[in-house]
Amino acid sequence: MLAAPARLLLSRCCVSALPADKVRYSERRLEAAHFPPMAASSPEEESPVGRMVADPVSLCEWQAWGSSSTVPSLVVDVIDDLRDLERDLDAHMNFGGHGGKLRGPLKIPEDKKRRTLFQSLTDSEQKIQYFAARQIAHRMLGSRGYLCQRCWLAKEDCMCSRVVPCSLWNGIRFWLYMHPKDFLRQNNTGKLLWQLFGTQSVSLCIFGIHEHEEMMWDAFRSSGKEKIWFLYPSKSAAPKLVQDIFFNSSYSNLDGQMTDSKDQPLNFVLIDGTWSNSAAMYRRLKKKCVQIGDSLGDAGQLMKPFKTKKLRNPDMKLK
């Protein structure tokens with residue numbers, strides 16, 4: 001689910017010989033620091049998918065879920081490991097409940113293998129990327145044949161026929177920066193953005209997925225720091241009116257009317273996650289800003305986070 005302010009715009013070896021309990025404790029500490037637990041939206045139920053075979057993910061299937069990137073390499077690795085486990089144990093995998101949880105005879109062996117691999121990763125960035133890739137792989141495999149690939153609802157509840165696509169002004173581009181635990185959630189609302197405006201105007205970027213994040217930052221390097229905006233609360237940012245972004249710029253004519261843009265579009269990053277998860281996501285964005293600051297132009301504030309008040313007031317100020 002989108003963090004509240006985002007609604008305003010619509011809508012990544014050596015294995016340590018630690019005991020298993022210490023390995024689990026280490027994992028819990030990392031997940032608590034970067035990925036706080038998220039409340040379930042409904043009671044956990046068995047998925048009607050039943051037995052699933054971890055077939056490879058094609059580019060067509062991956063992009064049908066809303067992505068415009070190539071299939072992430074770490075996601076492919078996770079799925080390949082699951083296929084190897086199926087073959088070695090001569091068993092089939094089952095998914096069910098929230099987040100495409102693995103069940104059945106593969107659950108315990110896969111969990112042991114996950115803990116061993118996780119413990120072998122000494123770099124925090126690798127741990128974040130592995131966490132994200134595993135979440136995406138399991139959720140995608142567990143949703144095959146069950147969820148509609150466009151609206152992420154159960155096929156019998158598909159709402160695609162009720163969504164009327166529309167064009168988005170070519171001077172703006174949305175980046176939906178999504179937490180892995182929100183990927184393929186049926187109650188996620190961010191997916192409506194690319195359903196309405198298309199993937200040319202709205203790009204899905206999943207937290208921790210290297211291919212997604214690099215695609216976003218490459219676009220930011222091309223556009224420049226003055227055309228990048230975060231939609232996130234900030235106590236220190238100066239007030240900014242929406243019309244200051246659009247109408248006092250090259251995107252409007254002398255009469256204040258919006259014109260077709262032949263320049264790089266304005267990039268709006270919408271953080272899609274719970275409030276606790278979005279804080280870790282925002283810290284990651286700020287850290288990356290510092291790392292690539294020189295390539296974005298002169299020193300200074302690269303991103304302009306802004307705060308929202310009085311959600312029903314059309315003349316509200318953004319910070």
| Short side-chain donor-acceptor distance under 3.5 Å, W62 and S69 | yes

| request: For residues A154 and L147, report the shortest heavy-atom separation together with the two atoms involved. | output: N-CD2, 3.6 Å

| said: Please give me the minimum heavy-atom distance between L74 and A133, naming the atom from each residue. | reply: CB-CB, 3.6 Å

| message | If you compare all heavy atoms of H92 against all heavy atoms of L106, which two are closest, and at what distance to 0.1 Å? | response | C-CD1, 4.2 Å

| So, for W152 and F183, is the gap between ring centers shorter than 6.0 Å? | yes

| message | Quick one: does any side-chain atom of E211 pair with a main-chain N or O of V71 as donor and acceptor, under 3.5 Å? | response | no

| message | Please find the pair of heavy atoms, one from V164 and one from L196, that lie closest to each other, and give the distance. | response | O-CD2, 3.6 Å

| field | Rounded distance [0.5 Å steps], CD1 in I206 versus NZ in K181 | value | 14.5 Å

| task | Quick one: closest heavy-atom pair of S201 and L168, and the distance? | result | CB-CD2, 3.7 Å

| said: Please check: side-chain N/O of R134 versus main-chain N/O of V78, any donor-acceptor pairing under 3.5 Å? | reply: no

| So with a 6.0 Å cut-off around CG of D90, is the heavy-atom count from everything else above 12? | no

| message | Distance check, rounded to the nearest 0.5 Å: F207 atom CZ versus I136 atom CD1? | response | 11.5 Å

| What is the distance from atom CZ of R83 to atom CG of L141, rounded to the nearest 0.5 Å? | 10.5 Å

| More than 12 heavy atoms from other groups under 6.0 Å of CD on E214 | yes

| request: List the atom of L184, the atom of M140, and the distance in Å for their closest heavy-atom pair. | output: CD1-CA, 3.7 Å

| request: Can you measure from CE (M178) to NZ (K191) and round to the nearest 0.5 angstrom? | output: 9.0 Å

| task | State whether D111 and R115 are salt-bridged, where the test is any N-O pair (Lys NZ or Arg NE/NH1/NH2 against Asp/Glu carboxylate O) under 4.0 Å. | result | yes

| query | Within the distance-only criterion (no hydrogens, no angle test), does the side chain of E110 pair as donor or acceptor with the backbone N or O of L82 below 3.5 angstrom? | reply | no

| field | SB check E213 K288 (cutoff 4.0 Å) | value | no

| field | From R173 atom CZ to N267 atom CG, the distance as rounded to the nearest 0.5 Å | value | 7.0 Å

| So, the side chain of S67 versus the backbone of Q63: is there a donor-acceptor pair under 3.5 Å, distance only? | no

